[in-house]
Amino acid sequence: MKLRAFEVRWADAIGRALLPRGILGGVVDTIDLGDEFRRECLEPPWYGALLLRASLWLTWFAPPLLMRRLRTFGGLNSADRELLLEKLLDSRVYLVRATAMFLKLSACVLLLGDERVLRRVGAYEYGRAQDHAGAAQAKDAS
């Protein structure tokens with residue numbers, strides 16, 4: 001399922017409200033979350049992409065219902081965006097809570113799956129070879 005251009009922009013705005021630039025030492029600041037969501041939706045299964053799209057739409061048009069403001073998510077300042085996301089994640093309606101959590105988890109997976117992040121946190125074998133070499137050199141020096 002292909003996201004439309006405006007949905008890609010929405011995904012970037014919502015994704016950056018969830019995971020702002022500067023996290024993880026800024027290693028993911030250059031990642032375009034909207035484009036990452038677009039690529040994620042191109043891969044099967046279609047129902048995952050449909051749920052992601054529904055999550056985007058729900059979040060984008062939630063302010064009139066949850067905040068009593070005639071604005072979309074894009075018309076809110078950063079503090080109000082965070083407040084809205086917290087309200088969605090804390091909703092008494094399970095379906096709202098679940099779709100907001102799905103969107104948040106998807107954004108985290110897209111960022112955390114990036115090779116730069118894996119290197120930064122030393123996941124799997126990233127960075128371990130250098131750590132072992134540095135430890136061996138320190139041992140030899142002493």
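Everything numeric in this text was worked out from a predicted model, so none of it was measured.
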Okay, side chain of Arg81, backbone of Ala17: is any donor-acceptor separation there less than 3.5 Å?
-> no
Tell me whether Val117 is reachable from Ile23 by hopping between hydrophobic residues (I, L, V, M, F, W, Y) whose side-chain heavy atoms are closer than 4.5 Å.
-> yes
Counting only N and O atoms by type, is there a donor-acceptor contact under 3.5 Å from the side chain of Arg53 to the main-chain atoms of Lys2?
-> yes
Examine distances only and state if a side-chain atom of Lys87 and a backbone atom of Leu66 form a donor-acceptor pair shorter than 3.5 Å.
-> yes
Measure the CG-OH distance between Leu50 and Tyr47 for me, rounded to the nearest 0.5 Å.
-> 11.5 Å
Centroid separation Phe73 to Trp57 less than 6.0 Å = no
Shared hydrophobic cluster, Val93 / Leu85 (ILVMFWY, side-chain heavy atoms < 4.5 Å) | yes
From CA spacing to verdict: side chain to side chain contact (heavy atoms under 4.5 Å, CB included), Leu103, Phe37 | CA-CA 10 Å; Leu103 187 62; Phe37 275 108; 4.1 Å; yes
Trace of the side chain to side chain donor-acceptor pair (under 3.5 Å) decision for Thr30 with Arg21 = CA-CA 8 Å; Thr30 59; Arg21 285 174 172 45; over 6 Å; no
Working for side chain to side chain contact (heavy atoms under 4.5 Å, CB included), residues Leu3 and Leu56 | CA-CA 10 Å; Leu3 289 181; Leu56 288 173; 4.3 Å; yes
Here the pair of heavy atoms bringing Ala49 nearest to Cys41 is CB-O, 3.6 Å
When Leu111, Leu19, Asp114, Leu112 are each screened for side-chain contact (heavy atoms from CB on, under 4.5 Å) with Leu24, the one that passes is Leu112
Shared hydrophobic cluster for Leu51 and Tyr94 (ILVMFWY, side-chain gaps under 4.5 Å) = no
Should Leu89 and Arg97 count as side-chain neighbours, where that means a heavy-atom distance under 4.5 Å?
-> no
Are Trp10 and Met67 linked, directly or through other ILVMFWY residues, by side chains that come within less than 4.5 angstrom of each other?
-> yes
Compare every heavy atom of Thr72 with every heavy atom of Pro63, then report the nearest pair and how far apart it is.
-> CG-C, 3.7 Å
Any salt bridge between Arg39 and Glu43, counting N to O under 4.0 Å?
-> no
Keeping the roles fixed (side chain from Asp12, backbone from Asp32), state whether a donor-acceptor pair exists under 3.5 Å.
-> no
Search all heavy atoms of Gly22 against all heavy atoms of Asp29 and return the closest pair with its distance.
-> N-OD1, 2.6 Å
Value rounded to 0.5 Å, distance of CD in Glu40 from CG in Leu52 = 7.5 Å
Does Ala79 offer a backbone N or O that forms a donor-acceptor pair with the side chain of Glu82 under 3.5 Å?
-> no
Note, Asp80 side chain near Arg69 side chain (heavy atom, < 4.5 Å) | yes
Do the side chains of Arg116 and Ile31 get nearer than 4.5 Å, heavy atoms only?
-> yes
Any idea which heavy atoms bring Leu88 and Ala100 closest together, and the distance?
-> CB-CB, 3.8 Å
ILVMFWY cluster, Met1 and Val109 together (side-chain gap under 4.5 Å) = no
Give the minimum heavy-atom separation between Ile14 and Trp60, together with the two atoms involved.
-> CD1-CE3, 4.0 Å
Can you see which heavy atom on Leu18 is nearest to which on Ala107, and at what distance?
-> CD1-CB, 4.4 Å
Under 3.5 Å: donor-acceptor pair, side chain of Thr99, backbone of Val96 = yes
